[in-house]
Protein chains: 2
Amino acid sequence: MLHLALRPCIISLVVQDSIQILQTQGYRVTKPRRQVLEVLKEAKEPVSPYDIQRLLRQQGKYLNHVTIYRILDLFCRLNLAHKVLSNGGFVKCTLGSKEGCHRFMVCRCCGVLREFVDEELCKKESKSAVNLGFHTEYHLSESSGLCSDCYRKRFGE
Amino acid sequence: MLHLALRPCIISLVVQDSIQILQTQGYRVTKPRRQVLEVLKEAKEPVSPYDIQRLLRQQGKYLNHVTIYRILDLFCRLNLAHKVLSNGGFVKCTLGSKEGCHRFMVCRCCGVLREFVDEELCKKESKSAVNLGFHTEYHLSESSGLCSDCYRKRFGE
DNA sequence: GAGCTAATTGCAACAATGTTGCATTTAGCA
DNA sequence: TGCTAAATGCAACATTGTTGCAATTAGCTC
């Protein structure tokens, strides 16, 4: 109950956090940037730049696609968002400045995405690479499978 | 010495392997498919469909880009090649039917790519995901860093 | 609150990448 | 050699991403 009541606050705090990061880094807080943040906040799945444009248009708002590309570039540089390579979409970052590479799990059924960090995995992966003569700087890791809901629907409890 | 002498044979065997796989799976061995295999064999870095078209054109050969897309689709389905998402290019698979997901290390300096398998990593990553309620079916893992040559050039021995 | 200025956005035009349907060609067979 | 399904080429189009420059605006000063 409390949980449900709190949720909107928690979520909008995330947007507020992003706005503060923009400000402290010397970037302006503009209407287009707010709008893209809102869309990313609401999205359950990765959204492409043109998806974002469509979603905004449905709300009677218009952004040029070039603007959206540039905003997403900025957000990715500041780690406020990530590009999901397996589908070309973007998601807001849910981990903040947590150390280690940010890994994704994407449900192939409903498309929902979960982000996580696992320092031990990073270390092991780097070690594996060193054995092949490669010196890792960062990982990119995306897994595909079924989220708990979709798994339950198919295979029962 | 022997090592050097053998190399060409080993490499062309890889193309020969791919051709046999095509045949045994009931696909035809056509000139365009051979040509794409050759390009992938020679390429040290991932190549895009249009890269392949350009490279062939330099040899006086012409393939329609649609044909190249379809051939690469087929090769990926048969695991004769992989798409490298971090740069959109394709590479020939160097691991054959080895079990486990195929991981890449890409040198950010010279672009060279190394493919490897690490079953233990796969297991750990899947376990990590299960803890978040996700049931993994396959991983996609690409790391960026420096290969041994480029590392040496920058940081000495 | 008005005015200033660099940062940001919009616009236009273009480049690159990827897809579809259908006519033509060809590999692999009898 | 001829046949036929598989594969390729072609044309047209859809989507995605980029560049340079003019117009707008956020955030500052006064």
Side-chain angles (χ1 to χ4, degrees), chain A residues 15-16 18-39 43 45-57 59-78 80-91, chain B residues 15-16 18-39 43 45-57 59-78 80-91:
Chain A
V15 170
Q16 196 50 49
S18 301
I19 288 175
Q20 284 199 2
I21 289 171
L22 281 177
Q23 282 172 333
T24 58
Q25 305 270 334
Y27 295 98
R28 291 186 181 169
V29 179
T30 63
K31 205 162 82 177
R33 285 176 183 167
R34 274 183 218 275
Q35 289 173 342
V36 172
L37 277 176
E38 281 298 322
V39 170
E45 312 169 26
V47 283
S48 77
Y50 286 95
D51 286 338
I52 293 174
Q53 195 178 45
R54 273 185 288 274
L55 289 166
L56 285 171
R57 192 131 44 191
Q59 305 172 25
K61 299 163 186 167
Y62 171 76
L63 287 186
N64 189 281
H65 71 279
V66 182
T67 300
I68 298 172
Y69 273 96
R70 296 198 266 229
I71 288 174
L72 289 170
D73 275 358
L74 176 66
F75 287 178
C76 286
R77 284 203 304 280
L78 298 177
L80 303 179
H82 302 298
K83 181 163 193 179
V84 183
L85 292 182
S86 49
N87 60 27
F90 291 81
V91 289
Chain B
V15 170
Q16 197 50 50
S18 301
I19 288 175
Q20 283 199 1
I21 289 171
L22 281 177
Q23 282 173 332
T24 57
Q25 304 271 335
Y27 296 98
R28 291 186 181 170
V29 179
T30 64
K31 206 163 81 177
R33 286 176 182 169
R34 274 182 217 274
Q35 290 174 340
V36 172
L37 277 176
E38 281 299 321
V39 171
E45 313 168 27
V47 283
S48 75
Y50 286 95
D51 286 338
I52 293 174
Q53 195 178 44
R54 273 185 287 275
L55 288 165
L56 285 171
R57 193 130 44 190
Q59 305 172 25
K61 299 163 185 166
Y62 170 78
L63 287 187
N64 189 279
H65 71 277
V66 182
T67 301
I68 298 173
Y69 274 94
R70 297 198 265 229
I71 288 174
L72 290 170
D73 274 359
L74 177 66
F75 287 179
C76 287
R77 284 203 304 280
L78 297 177
L80 304 179
H82 301 298
K83 181 163 195 179
V84 183
L85 293 182
S86 49
N87 60 28
F90 290 82
V91 289

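Numbers restart at 1 for each chain; the letters A, B, ... are given by sequence-line order, proteins then strands. This structure is a prediction, so every number in the text was calculated from the model and none was measured.
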Minimum heavy-atom distance B:Arg28-B:Leu22, with the two atoms named: O-CD1, 4.3 Å
Separation of atom CD1 in B:Ile52 from atom C1' in C:dG18, rounded to whole Å: 14 Å
If each of B:Ile68 and A:Pro49 is mapped to the nucleotide of DNA chain D with the nearest heavy atom, which maps nearer the 5' terminus, i.e. the 5' end? B:Ile68
Given side chains that start at C-beta, do those of A:Phe90 and A:Cys76 come closer than 4.5 Å, heavy atoms only? yes
Taking atom CG of B:Leu85 and atom NZ of A:Lys83, what is their separation to the nearest 0.5 Å? 10.0 Å
Results of side chain to side chain donor-acceptor pair (under 3.5 Å) for A:Gln53 - residues two or more places apart only: none
For A:Gln35, side chain to side chain donor-acceptor pair (under 3.5 Å) partners two or more places apart: none
5' priority, DNA chain C, between B:Arg34 and B:Lys83 [closest heavy atom]: B:Lys83
Could you work out how much the helix from C:dG1-D:dC30 to C:dA30-D:dT1 bends, comparing the axis of its first five pairs with that of its last five, to 10°? 30°
Using whole Å, report how far NZ of B:Lys31 lies from P of C:dT25. 14 Å
Could you tell me the boundaries of the chain A footprint on DNA chain D, defined by atoms under 4.0 Å from its heavy atoms? D:dT16 to D:dG27
Separation of B:Arg70 atom CZ from C:dT25 atom P, in whole Å? 16 Å
For residues A:Glu45 and A:Asn87, determine if any side-chain heavy atom of one lies less than 4.5 Å from a side-chain heavy atom of the other. no
Could you walk me through whether A:Arg77 and A:Leu74 pass side chain to side chain contact (heavy atoms under 4.5 Å, CB included), step by step? CA-CA 5 Å; A:Arg77 284 203 304 280; A:Leu74 176 66; 3.4 Å; yes
Of B:Arg54 and B:Gln23, the one whose closest DNA chain C nucleotide lies more 5': B:Arg54
Residues that A:Asp51 engages under side chain to side chain donor-acceptor pair (under 3.5 Å), provided they are two or more places apart: A:Ser48, A:Arg54
Taking side-chain contact (heavy atoms from CB on, under 4.5 Å) as the definition, give me every residue that meets it alongside B:Val91, ordered by chain and number, with sequence neighbours left out. B:Pro46, B:His82, B:Val84, B:Phe104, B:Leu113
Contacts to DNA chain C from residues 59-67 of chain A, heavy-atom cutoff under 4.0 Å, which residues? A:Tyr62, A:Leu63, A:Asn64, A:Val66, A:Thr67
Output side-chain donor-acceptor pairs under 3.5 Å for residues 59-71 of chain A, partner residues at least two apart or in another chain, one line each.
| residue | atom | partner | partner atom | Å |
| --- | --- | --- | --- | --- |
| A:Gln59 | OE1 | A:Lys61 | NZ | 2.8 |
| A:Asn64 | OD1 | A:Val66 | N | 2.8 |
| A:His65 | NE2 | A:Tyr50 | OH | 3.4 |

Residues which pass side-chain contact (heavy atoms from CB on, under 4.5 Å) with A:Ile21, listed by chain and number, not counting sequence neighbours: A:Gln25, A:Leu80
Write down the distance between OH (B:Tyr69) and P (C:dG21), rounded to a whole number of angstrom. 18 Å
Any N/O pairs under 3.5 Å between the protein and nucleotides 5-8 of chain C? List them or say none.
| residue | atom | partner | partner atom | Å |
| --- | --- | --- | --- | --- |
| C:dA6 | N3 | A:Arg28 | NH2 | 3.3 |
| C:dA7 | O4' | A:Arg28 | NH2 | 3.4 |
| C:dA7 | N3 | A:Arg28 | NH1 | 3.4 |
| C:dT8 | OP1 | A:Arg28 | N | 3.2 |
| C:dT8 | OP1 | A:Arg33 | NH1 | 3.0 |
| C:dT8 | O5' | A:Arg33 | NH2 | 3.4 |

Those residues at least two apart in sequence (or on a different chain) that pass side chain to side chain donor-acceptor pair (under 3.5 Å) with B:Ser86 are B:Glu142
